[in-house]
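Atoms within a ligand are numbered from 1 in the order they appear, just like the ligands themselves.
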Amino acid sequence: MSAQFHTSQVASLVLRRAPFLRRRISVEGKRRLLFRPMAAAAAAASGDGLKKGIAEFYDESSGIWENIWGDHMHHGFYEADSSATVAGHRAAQVRMVEEALSFAGVSDDPLKKPMRIVDVGCGIGGSSRYLAKKYGAQVQGITLSPVQAKRAQDLTMAEELADKVSFQVADALEQPFPDGQFNLVWSMESGEHMPDKEKFVRELARVAAPGGIIIIVTWCHRDLLPSEEELKPDEIKLLNKICNAYYLPKWCSAADYVHIAGSLLLQDIKRADWSDNVAPFWPAVIKSALTWGGLTSLLRSGWKTIKGALVMPLMINGYKKGLIKFTIITCRKPE
Ligand code: SAH
């Protein structure tokens, strides 16, 4: 599948193969499919409405994702300019975890390795279990989705890791943990869902132990130029469409994260743009969604999941335009 695949092509392909979905969309309203009204994005972007949308989105879509892609619900890390194979996706996702740990300088030394970890926005616990096994650490995962928390727990029991790893439904912005608990605070592709980025980073810093490392891997928009107050209207329009489908509030830039971390007096603040390393990812996801197995599970899953699938080409466009930046930000809580 070429990266040039457009939303309308994906939509018409899905519709052609699925009379059932055609009926459903006419009920939902074709205008929504064509992404004209942005009011839904704005409504979804606030408070409890947003949290409910996120929870329902992941309740509905996590099963299909797991069937096709396994228990890591995040981008893979590839060599820039390579292409991704569906067969190689798990290795690329594990590589993403390893690249993030290495970028942040997390130590493997038995005396320094992280022994208490929080996985903020844990999905079905792919990272949590990986980190628990790698470091022999105690890991606590939080997600807004009850379905994810249950599935994460079941997978963890099946891997006989239940004495090390546990999950609960909780809000990253009001974490159910006392201050200063964790040597590693891990947020893999959950930051983009947070409506208040400052509160998000403050909460990550609060639960970090003194000297603890914070890793945020997230979707950002490009840094603004000194002459700019905000993104261009066509850029905002594109991001709004993605927000609407993936239950995301307003985006921020990597520079905004660095600024927030600095204002909270966090140390060793580092950032990198890994957009080129994740570029092969979305074409591979679209390819897997367009297989017969992918399409049938998509149609069985529900409208929120279908809506998410239909905007996948917009992620590719956003990366190509240099608008979307796949970003890692790491820092350390002072001792
Ligand atoms: N980190 C996981 C999942 C990424 S998907 C992985 O890499 O596999 C995004 C996750 O963020 C979902 O689990 C979603 O429930 C969670 N999330 C989004 N907003 C959240 C919030 N406010 N509090 C807790 N979790 C949140």
Original post:
Of the choices K51, E66, M73, which has the non-hydrogen atom that lies closest to atom 6 (C) of ligand 1?
Top reply: M73
Identity and separation of the nearest protein heavy atom to [atom]:
| atom | answer |
| --- | --- |
| atom 26 (C) of ligand 1 | L144 CG, 3.8 Å |
| atom 19 (N) of ligand 1 | H193 CB, 3.5 Å |
| atom 5 (S) of ligand 1 | Y58 OH, 3.5 Å |
| atom 12 (C) of ligand 1 | Q148 OE1, 3.5 Å |
| atom 16 (C) of ligand 1 | G121 CA, 3.5 Å |
| atom 22 (N) of ligand 1 | D171 OD1, 2.9 Å |
| atom 15 (O) of ligand 1 | T143 OG1, 2.8 Å |

Yes or no: does [X] have any heavy atom under 4.0 Å from an atom of ligand 1?
| X | value |
| --- | --- |
| A170 | yes |
| C122 | yes |
| L173 | no |

Original post:
Should we say atom NZ of K52 is surrounded by more than 12 heavy atoms from elsewhere, each under 6.0 Å from it?
Top reply: no
Please check if the distance between the ring centroids of [X] and [Y] is under 6.0 Å.
| X | Y | result |
| --- | --- | --- |
| H193 | Y247 | no |
| F77 | W274 | yes |
| H89 | Y78 | no |

**OP:** Tell me, with the steps shown, if R129 and L155 meet side-chain contact (heavy atoms from CB on, under 4.5 Å).
**Re:** CA-CA 9 Å; R129 285 181 294 277; L155 289 170; 3.6 Å; yes
Subject >> Donor + acceptor pair across side chains of S145, D59 (<3.5 Å) >> reply: yes
Subject >> Candidate pair W219 and E189, rule side chain to side chain donor-acceptor pair (under 3.5 Å), full reasoning >> reply: CA-CA 7 Å; W219 309 359; E189 296 194 45; 2.9 Å; yes
**OP:** Check each heavy atom of M188 against ligand 1 and say whether those closer than 4.0 Å belong to the side chain, the backbone, both or neither.
**Re:**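 The part of M188 near ligand 1 is both the backbone and the side chain.
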Original post:
Does K197 count as lying over the ring of Y257, i.e. NZ or CZ under 6.0 Å from the six-ring centre, within 45 degrees of the axis?
Top reply: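 Ring-cation test returns no.
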Quick one: which ligand 1 atoms are inside 4.0 Å of a heavy atom on [X]?
| X | result |
| --- | --- |
| H74 | 6 (C), 7 (O), 8 (O) |
| A172 | 21 (C), 22 (N), 23 (N), 24 (C) |
| E189 | 4 (C), 5 (S), 9 (C) |
| I54 | 18 (C), 19 (N) |

Subject >> Check against salt bridge (Lys or Arg N to Asp or Glu O under 4.0 Å), D154 and K150 >> reply: CA-CA 6 Å; D154 288 349; K150 164 87 173 60; 2.7 Å; yes
Subject >> S190 side chain to V120 backbone, donor-acceptor under 3.5 Å >> reply: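 Yes.
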